[in-house]
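To keep things clear, I will list the structure first and then write my remarks on it.
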Amino acid sequence: MSEMPNRESDESEIPSHRYDAALADSIETRWQSRWLADGTYQAPNPSGSLSDDPMNVADRPKLFVMDMFPYPSGAGLHVGHPLGYISTDVYSRFKRMAGYNVLHTMGFDAFGLPAEEHARQTGEHPRVNTEQNIANMRRQMSRLGLGYDERRSISTTDEDYYRWTQWIFLQIFDSWFDPEQNRARHIDDLVAEFDSGERLPTDGTVWADLDETSRRALVQSYRLAYVDDAPVNWCPALGTVLANEEITTDGRSERGNHPVYRRPLKQWMMRITAYADRLLDDLDLLDWTGSIKAMQRHWIGRSEGAHVDFAVVGFEEESIRVFTTRPDTLFGATYMVLAPEHPMVDRIMAAEWLDGTPVEWTGGEPNPADAVAAYRAKAAQKTDLDRQENKDKTGVYIGTDALVAVDGRKIPVFISDYVLMGYGTGAIMAVPGQDERDWDFAEQFGLDIVRTVQPSDGFDGKAFLGDGPAINSGFLDGFGVDDAKRIMIEWLTANGHGEGTVTYKLRDWLFSRQRYWGEPFPIVYDEDGMPRAVPESKLPVVLPELMDWAPRQLDKDSEPEPPLGRVDEWRDVELDLGDGPRTYRRELNTMPQWAGSCWYYLRYLDPANDEKLVDPDVERYWMGDPADGVGGVDLYVGGIEHAVLHLLYSRFWHKVLFDLGHVSGREPFKRLINQGYILAAAFQDERGVYVPADEIETSDDKKFTYEGRPVSRSFGKMGKSLKNSVTPDDMYVTYGADTLRLYEMSMGPIDQDRPWETRSVVGSQRLLQRVWRNLVDEATGDSTVVDAPAPDALRRLLHRTIEGVSADMNALRFNTAIAKITELNNELTKSPDPTPLEVADPLVRMISPLVPHIAEELWLSIGGAGSVTQVDFPSADPELLVDDTVELPVQVNGKVRARIVVATDASDDVVITAALAEENVAAHVAGRELRKSIVVPGRMVNLVI
RNA sequence: GCCCGGGUGGUGGAAUUGGCAGACACGACGGACUCAAAAUCCGUUGCUUUCGCGAGCGUGCGGGUUCAAGUCCCGCCCCGGGCACCA
């Protein structure tokens, strides 16, 4: 205590050892230094470099608790950011005290666009700024008392880290997906199977007849990471291509809201579609919320149905393949639609309109070719937003008809933009009777509408989507939808006109970016332009220093140009890949920001290992779960915004690593919680411009003004854009970090959004002040705790509190845990007697996960040994949880009329007799006959008259 | 349109299995202490009614099941989030 600042009162009469912000500050900073020096939060590994104390592992169960790591932004934290971090910190501390070996650390997702944009503005290299920001965030987090194992912290931009990101890429590159075994295997296995003839190439080529270059090209086409010349989302303003997931629904970039154009480009892709079923099915194994599972299921978009082939009249060798979920409605198909950009359109459109072609089918053009060209031009001009807002059906006939195999009918073929090239086969059979979109189109173009399912009685809509007996459907008539589907698929298969199949909305993952600040690919190209892996021994492929790194400002029609192409001496490299030293050209794209965040949890486990990604023993210990073989991080907390991107990519990589034997379980994150956001009042002036929320004046009649002018109030996510941020530093100055932690945890359930109210923070400070005052003399700073037995009632309350707080903390219900602690402390406050050690000791242990600094100080004060972060959490004596007597509410006809106190083990008769003896009960019964009486032991009595 | 959440005092929220609705806190009001203020401590605080005891009403709305419903069932309304011409 000697180093405590002397704040003896002069005129003011504030006691010198009152728990206020200044005292909190001195306690907090002192303990933070101490924890750092002592390595208080270090978690031992079972083996390897962090296995300093193997016995600590041997006799304790493990728990791996993780937050979604942040991007090290330059703006610093506001009080909304650490909500999740405090939750995991409290939970980790509680579990550590409950006997677990807890791994909890924090890293930084530091590659990505904002660092480049900052560098573009300042001329400073991204690495300089990134490292400053990381240092600043580390400082802010440690000031909050977040207990991390700092030895395990990583940044995705560390060479020692991205070396392994590149290594994983090579594992994926050197793999293919075996559909029979439903798993990834090494690419050499594929070559061996081709060599032996055990497997035949799916493209119909004969392996033995291929030369070396063709063989290599064939193998490329099987890899899980492959180069594809595919239509991509090109964003000239950002100078890069973007993944589908990074595009908003109105066709703009999620970052910066810039226009995005579709264009074909050679890009790296990841074959995530191969894992669609496993990504879908294994969701059932996870303890995640329903909504996030629903989002992933929807994103994967599995849909069962059939492929059906339609012969094209006049083109013997062509057939149109469609995907449908309703093969049972084939008898009701009255026309077909191809996507406007479907490659078959040019081959099968007619030269001339047939006589009698309705003029509205021709788009007013003299021949099909002109109609198609005009329609395509018009469709290309529509933005995705137009298509969403205006769902009127448009299209043109291409002059050609197709044959419905099942009954030989001839039906016209249209193109229309309501059919999307990117889903199914880009072509549909249109069944207006059972599809609303087809109905609209058929009405628009005067096409036949045939119902093939009998609508239910009273149905007065258009297309009927429900179940019912098939009609107008030949051999299907009378069957329900499910049976009819099955029978039709059997017929299609038997007659060679199609087969049952499954389609997904999930697309392969576009994996390359034209950026500087990202992981370089460990790939070089030979003179044939074929990608070759850089040998493992040459990793990492280090990102070259580059001052002219900024992306060019490009226009819509320009070629994307990767910044790394400007470093000539890096671009060309001499390597020996087994056939002598040769010159190769490096891959110049970099990986997307998702790459580093796909696997960081694994590196936390064994951050210094330079032999392996992670030692298998260490991985099994922290990730393993012998019970179900699923494995994974025990608790992962982060924002809902990563519901499909990060969490789907990460699961995909983990499954590949699992298939290849590098990890022991099938899933990376066993339990996931999405924390809510902190909302705060935001104010807009009459122009709608946000004004600083901390300069608003509130008049007596609840009107808000800014600089004398009226403003309107709303609530939104705290942040810069709404000008409603509150910084943690302000809170430290006024209250201290423990108060801030306590307030954030007491606001409500962890997964719920909550409005910030600075004026309410004082309630949390008062609790800490009362706890302090119940244990410490404010004038002298000495402990007032006495070693005397607690009164029986207090002892029983203590044990009930211990029981409740343990249960709440286990279930991450920190708000109710705090309420229970408050109740116990209120009893101490009311009591004129000094606090017995019997109560003070467990009280300090109980508050320690929530408010570790003041807990350490009080622990020292009451004579506790060591750090309170490492002692046992108190446990309740079961005998003290039951009382001899219990107070029961007495209801008459369901309304409470009195309360009685009876023995806990009183018989029903005794309870009813006691209830009837109550004056107010007797008055309500009023001599009427008791028809029924219900006694719920320990809860209540209900008398029915 | 479809799929997830949610709706409880002036405010944030509590009620783990159908069993005392409103724990705990903020705010407000009253009191003690003080020359005074702050801080602290004590008390009141869902609405209506009553001097009081008490009584009536009350968990978005309308029905239902039950001795008993915030909780279960049916039908709606509103708010938030996600997806959306996905065949």
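In what follows, chains are A, B, ... by sequence order, proteins preceding strands, each numbered from 1.
In this structure A:R754 satisfies the side chain to side chain donor-acceptor pair (under 3.5 Å) test with no other residue, sequence neighbours excluded. Evaluation of the salt bridge (Lys or Arg N to Asp or Glu O under 4.0 Å) rule for A:D309 yields A:R321 as partners, not counting sequence neighbours. Not counting sequence neighbours, the partners of A:K462 by the salt bridge (Lys or Arg N to Asp or Glu O under 4.0 Å) test are A:E443.
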Check: protein-nucleotides 4-9 of chain B nitrogen or oxygen pairs below 3.5 Å:
from	atom 1	to	atom 2	distance (Å)
B:C4	O2'	A:S291	N	3.4

Write down the protein N/O and nucleotide N/O pairs, taken from nucleotides 13-15 of chain B, whose separation is under 3.5 Å; answer none if there are no such pairs.
from	atom 1	to	atom 2	distance (Å)
B:G13	OP1	A:Q752	NE2	2.9
B:A14	OP1	A:N815	ND2	3.1

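The ring pair (Phe, Tyr, Trp, His ring centres under 6.0 Å) pairs that include a residue from residues 800-834 of chain A number zero, where partners must be two or more places apart or lie in different chains. Applying the salt bridge (charged side-chain N to carboxylate O under 4.0 Å, His left out) test to every pair with at least one member in residues 738-749 of chain A, sequence neighbours left out, gives these pairs: A:D89-A:R741. Residue pairs meeting the ring pair (Phe, Tyr, Trp, His ring centres under 6.0 Å) criterion with at least one member in residues 746-771 of chain A, sequence neighbours excluded: A:Y743-A:W756.
RNA chain B lies under 4.0 Å from at least one heavy atom of each of the following residues of residues 934-945 of chain A: A:I934, A:V936, A:R939, A:M940, A:N942, A:V944.
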Both distances under 3.5 Å, Watson-Crick or G-U wobble: on that basis, could you give the dot-bracket string for RNA chain B, with [ ] for crossing pairs and | for other-strand partners?
-> (((((((..(((......[....)))((((((.......))))))((((....))))..(((((..]....))))))))))))....
Its contact letters, B for base, S for sugar-phosphate only and - for none at protein heavy atoms under 4.0 Å, make nucleotides 42-58 of chain B read S-----------SSSS-
How does protein contact run along nucleotides 26-33 of chain B, one letter per nucleotide 5' to 3', with B for base contact, S for sugar-phosphate only, - for none, heavy atoms under 4.0 Å?
-> SS------
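Using C1' as the reference atom, B:A38 and B:C33 are 12 Å apart when rounded to the nearest Å.
Residue A:Q769 is classed as a sugar-phosphate contact, given heavy-atom separations below 4.0 Å to backbone atoms only.
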